[in-house]
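These numbers come from a predicted model, not from an experiment. All chains are named by letter (A, B, ...) in the order of the sequence lines, taking the proteins before the strands, and each is independently numbered beginning at 1.
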Amino acid sequence: MTDFDLKEKFKTLRREGAALPKTFCDLGVAFWLLNPDEAKHEPEYLSERYLHTKSISKKALAAYAEKRLKEYKLEALFRDVELPLIPILAEMELRGIAVDRKALQALDAELGKKITALAKDIYRTAGGPFNINSPKQLGQILFEKLAISGEGVKKTKGGAVSTNIDTLMTIKERHPIVKYILEYRELFKLQSTYVKPLQELADTNGRVHTTYLQTGTSTGRLSSQNPNLQNIPTGGEWANRVRSVFVPEKGYAFVSFDYSQIELRVLASLCGDPQMIKAFTEGADIHRLTAANVFNVPIANVTPEMRRLAKTLNFGVVYGMGAQAFAKTSGLSFTEAKKFIDEYFHDFAQVKTWQEEIKAFARTHGYVVNRNGRRRLLLHATSMFRGEAAEAERAAINMPVQGLAADIVKIAMVNVAAEIRRRKWDDAVRMLLTIHDELLFEVRKDILKEAIGVIQPIMERAYTLEVPLTVNVKTGTTWGDLA
DNA sequence: CGCATACGCGCC
DNA sequence: AAACGGCGCGTTTGCG
């Protein structure tokens, strides 16, 4: 079977109780691999774009895709990872994940009361009602009507005063209304983005079914929509209440498996930095190591504050962060931030070397590839607009890292699914969600321990890097209380 | 009225 | 002066 959007077709077949084809080829996925930034993957568009004809021939498109996948050395990734993933995603989407509708209803009501009360506080303090959800109106109230000092407050792209979290935090002590706004924002966000939609989207069995977009990112990751189950709040009291509405079926427990520092391990492997490799190989705390290096202190003398900064630095490096951004997220001055970044690249020189190499590659070739041949076009790498070129360079630095991490998770999903099938655990061990570096399962309680013993090593051996992959396992009775 | 955009914010 | 990679989605606002 050769077609576009096979996942949807597989779902239909499964709903009808029909068997899935043994061999299949998804042209949408194929063309996405060839150029993941291509917005459209419909046959009409692709025929015209690549075959220069208005007539649509799946055969011709398939032949073309096959030729190009071979040329780009993407066949293995396509055949062994992306294609086998399709029926797995179809199964996950069909299965869905259960939400506790009573708990959602109660949370909705509770949030509603809190939000109403906060709105009253805000109107009273502001001297009259306005639309708190309108950044424009809020900005006028804060900086004109209440005349709060706008010192140190950034403007938005459109030129208006920003009212985002950062702004509100900096002016928090300048007026009592600000802390009401902050709390209102948090609760309104939770209610409107999560609590209300989840109730709408739950089916008659109380399960919500996300849709995974296999061709939705430029780096190789999956994305999730309608609802997006990859951005459910985590941490914080209210966020945890939201997460806790996700529950396993009766007789099952949730088990989550998350890769520890997968992107940093990938980075260490790609650049071959001896210190980083040693740290991961020995199971050391990478953020402590970084802190010890950039602060020039022994590991034992690293304070929590030093570690916190080092952690920000480590993540930032993967994204191609500059001093400005580091200063902003860390609270350091620009000069201090720059000093630490320079120190970081001095201590981890191979990271710098690798970044320069990949940037040069992007400039020379107009694209980058990761270890599995996954590619991303970056035609702006040679742009004469500095901002545009810098953006492409950051993408060049990030894609091989994020993309390889994505490959590893996908390979793990394929291998785990195969083992579940081999053991005839299809109904007992259900892969429910994939959240970039984490897989969430619901597992029948009687085989909980056994299933963990099977899944964890498969994930840890999914891919061979220069450093070990480690997977943390947690279990729980809701998604909010995994331990 | 629907639609696109700006803004803001949730996650990895 | 200088915006760190990748996403999806809510509300508001202005447009046709």
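Electrostatic pairing of A/Lys339 and A/Glu336 does not count as a salt bridge here, judged by no charged N lying under 4.0 Å from a carboxylate O.
For a distance-only test at 3.5 Å, the side chain of A/Asn231 qualifies as a donor-acceptor partner of the base of B/dG10.
For A/Ser162 and B/dG8, the shortest distance from a side-chain N or O to OP1 or OP2 is below 4.0 Å. Here A/Gln137 reaches the OP1 or OP2 of C/dT13: one of its side-chain N or O atoms lies under 4.0 Å away. Residue A/Thr163 places at least one side-chain N or O under 4.0 Å from the OP1 or OP2 atom of B/dG8. For C/dG8, the OP1/OP2 oxygens have a side-chain nitrogen or oxygen of A/Ser223 closer than 4.0 Å. Here A/Asn133 does not reach the OP1 or OP2 of C/dG10: none of its side-chain N or O atoms lies under 4.0 Å away. Not one side-chain nitrogen or oxygen of A/Ser218 sits closer than 4.0 Å to the OP1 or OP2 atom of C/dG5.
Under the 4.5 Å side-chain criterion, counting only non-hydrogen atoms from C-beta, A/Val245 is not in contact with A/Trp479.
Using the six-membered ring where Trp is involved, A/Tyr344 and A/Phe348 have ring planes that are tilted, between 30° and 60° apart.
Cation-pi geometry between A/Arg394 and A/Tyr319 is not satisfied (NZ or CZ under 6.0 Å from the ring centre, within 45° of the ring normal).
Nearer to the 5' terminus of DNA chain C, by closest-nucleotide assignment, is the contact made by A/Thr156 (compared with the other of A/Pro227 and A/Thr156).
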